[in-house]
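One structure is given below, encoded as structure tokens.
Naming: A, B, ... by sequence-line order, numbering from 1 per chain.
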There are 2 protein chains.
Amino acid sequence: MKTTHHPAVAQLSLPTVLSALGDPVRLRIVRSLADGRELGWGELTVPVGKSTLSHHLKVLRAAGVTRTREEGTRCYVRLRLDDLEQRFPGLMAGVLPAVVAEAGEE
Amino acid sequence: MKTTHHPAVAQLSLPTVLSALGDPVRLRIVRSLADGRELGWGELTVPVGKSTLSHHLKVLRAAGVTRTREEGTRCYVRLRLDDLEQRFPGLMAGVLPAVVAEAGEE
DNA sequence: GACATTGTTCGATGTTCGTCGATCATAGAA
DNA sequence: TTCTATGATCGACGAACATCGAACAATGTC
């Protein structure tokens, strides 16, 4: 595919991370990944077209929230929980429960 | 001044809160308030004009992150920590340390 | 009443964002 | 090689956003 760029741990920016999380569609993606599992692209069920999904995954990736692994023609996504914990200790521990709890509200 | 509107606890939305926090200027405001103190409008030193500051405070207020109290011609701002804890337990406990830690990086 | 202070609102400008359909590049299958 | 499936990229659109200066409203002071 392409050289999917992932920022280094030291370069993760808090406004960028929070801004990436501040969108309903992306928050829904994060919720799907909240348990740490790696999911295939197609398993991310969001109510948008695939070009839009690709865009949102790019935003999450650029913010350092997710890591995309390519395997053949398909790719897999997971949260960068360890990296985020290293850069912003406790952040995701505070955010993820709220993200998961938000599931039953919509 | 005006009828400054504050959303009820049950109406706080996670994407809205995170989105409100996902801006450098607003994050700087939140950092000033991180210890729970109430600050006067003028004590919020951010590198923007006053109309822009007013706008950012409105965004934070509308998201339910801050509460504005008016007293005469001047007003005071503070975080709605209790309300946020009630609606999203642990969220601010995870976010605020990262916000404060971010202080020495810029 | 006249003036000063404080913060909001308005209008405008340039930028960024979310969304889509269409196209393209890559890797695997027939 | 040809076809197919997977995602990324492109171009475009309208909406939302950050910013500013100027004008405004409300309160306090002289």
Side-chain angles (χ1 to χ4, degrees), chain A residues 1-7 13-33 38-78 106, chain B residues 1-7 13-33 38-78 106:
Chain A
M1 297 266 141
K2 251 294 293 306
T3 7
T4 48
H5 175 250
H6 295 90
S13 140
L14 186 58
T16 305
V17 169
L18 293 176
S19 179
L21 296 175
D23 176 274
V25 173
R26 291 194 289 266
L27 220 43
R28 187 163 169 160
I29 295 173
V30 169
R31 193 169 62 225
S32 305
L33 302 168
E38 183 180 69
L39 287 184
W41 211 91
E43 304 182 68
L44 301 169
T45 55
V46 287
V48 295
K50 65 174 188 170
S51 60
T52 304
L53 173 55
S54 183
H55 162 69
H56 284 304
L57 286 175
K58 186 177 183 178
V59 172
L60 288 171
R61 202 189 322 143
V65 176
T66 60
R67 182 177 297 282
T68 296
R69 180 175 63 88
E70 308 178 12
E71 186 172 312
T73 69
R74 60 187 66 183
C75 47
Y76 300 87
V77 188
R78 91 176 90 172
E106 352 178 15
Chain B
M1 297 260 140
K2 249 295 291 307
T3 7
T4 48
H5 175 251
H6 296 89
S13 141
L14 187 57
T16 305
V17 169
L18 293 176
S19 179
L21 296 175
D23 176 274
V25 173
R26 291 194 288 265
L27 220 42
R28 188 163 169 159
I29 295 172
V30 170
R31 192 169 62 224
S32 304
L33 302 167
E38 182 180 71
L39 287 184
W41 210 91
E43 303 182 69
L44 302 168
T45 54
V46 288
V48 294
K50 65 175 186 169
S51 60
T52 303
L53 173 55
S54 183
H55 161 68
H56 283 303
L57 286 175
K58 186 178 183 178
V59 172
L60 288 171
R61 202 172 37 206
V65 176
T66 60
R67 182 178 296 283
T68 295
R69 180 174 64 86
E70 308 177 11
E71 187 171 311
T73 70
R74 58 187 67 182
C75 48
Y76 300 86
V77 188
R78 91 175 92 172
E106 353 176 14

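- Side-chain N/O atoms of Trp41(B) include one lying less than 4.0 angstrom from OP1 or OP2 on dT8(C).
- The separation between Leu60(A) atom CG and dC17(C) atom C1' is 14 Å, rounded to whole Å.
- Following rounding to the nearest Å, Lys58(B) (NZ) and dT19(D) (C1') show an atom-to-atom distance of 15 Å.
- One can place CG of Leu57(A) at 10 Å from P of dG7(D), the figure rounded to the nearest angstrom.
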(message) As a quick check of understanding, evaluate side chain to side chain contact (heavy atoms under 4.5 Å, CB included) for Val77(A) and Thr68(A), giving each step before the final call.
(response) CA-CA 5 Å; Val77(A) 188; Thr68(A) 296; 4.3 Å; yes
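- With sequence neighbours left out, the side-chain hydrogen bond (donor to acceptor under 3.5 Å, both in side chains) criterion links Ser13(B) to Thr16(B).
- Atom NE2 in His5(A) sits roughly 16 Å away from atom P in dA8(D) (whole-Å rounding).
- Phosphate proximity of dG18(C) to Arg26(A): present, with a side-chain N or O under 4.0 Å from OP1 or OP2.
- Between Arg61(B) and the phosphate of dG7(C), there is no side-chain N or O to OP1/OP2 separation shorter than 4.0 Å.
- In this structure, CZ of Arg28(A) is placed 16 Å from P of dG18(C), rounded to the nearest angstrom.
- Taking every side-chain heavy atom of Arg74(B) into account, dG7(C) is the closest of dC20(D), dA18(D), dG7(C).
- Contact of Ser51(A) with dG21(C) (side chain to base): a donor-acceptor pair of N or O atoms is detected under 3.5 Å.
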(message) Applying side chain to side chain contact (heavy atoms under 4.5 Å, CB included) to Leu39(A) and Ile29(A), what does each step give before you reach the verdict?
(response) CA-CA 10 Å; Leu39(A) 287 184; Ile29(A) 295 173; over 6 Å; no
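- Side-chain contact between Val46(B) and Thr52(B) is absent, with no heavy-atom pair separated by less than 4.5 Å.
- For His56(A) and dC17(C), the shortest distance from a side-chain N or O to OP1 or OP2 is not below 4.0 Å.
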Could you give the side-chain donor-acceptor pairs of residues 55-64 of chain B under 3.5 Å, partners two or more places apart or in another chain?
residue: His56(B); atom: ND1; partner: Arg26(B); partner atom: NH1; Å: 3.1

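- Between Lys50(A) and Ser19(A), the residue whose closest nucleotide on DNA chain C is further toward the 5' end is Ser19(A).
- Computed from coordinates, the Arg69(B) CZ to dT6(C) P distance equals 16 Å when rounded to whole Å.
- One atom, CG of Leu53(B), and another, C1' of dT19(D), lie 12 Å apart when rounded to the nearest Å.
- Rounded to whole Å, the distance from CD on Glu71(A) to C1' on dA5(D) is 15 Å.
- For Ser54(B) and dG7(C), the shortest distance from a side-chain N or O to OP1 or OP2 is not below 4.0 Å.
- Look at Thr73(B) and you won't find any side-chain N or O under 4.0 angstrom from OP1 or OP2 of dA26(D).
- OP1 or OP2 of dG7(D) has not a single side-chain nitrogen or oxygen of His55(A) nearer than 4.0 Å.
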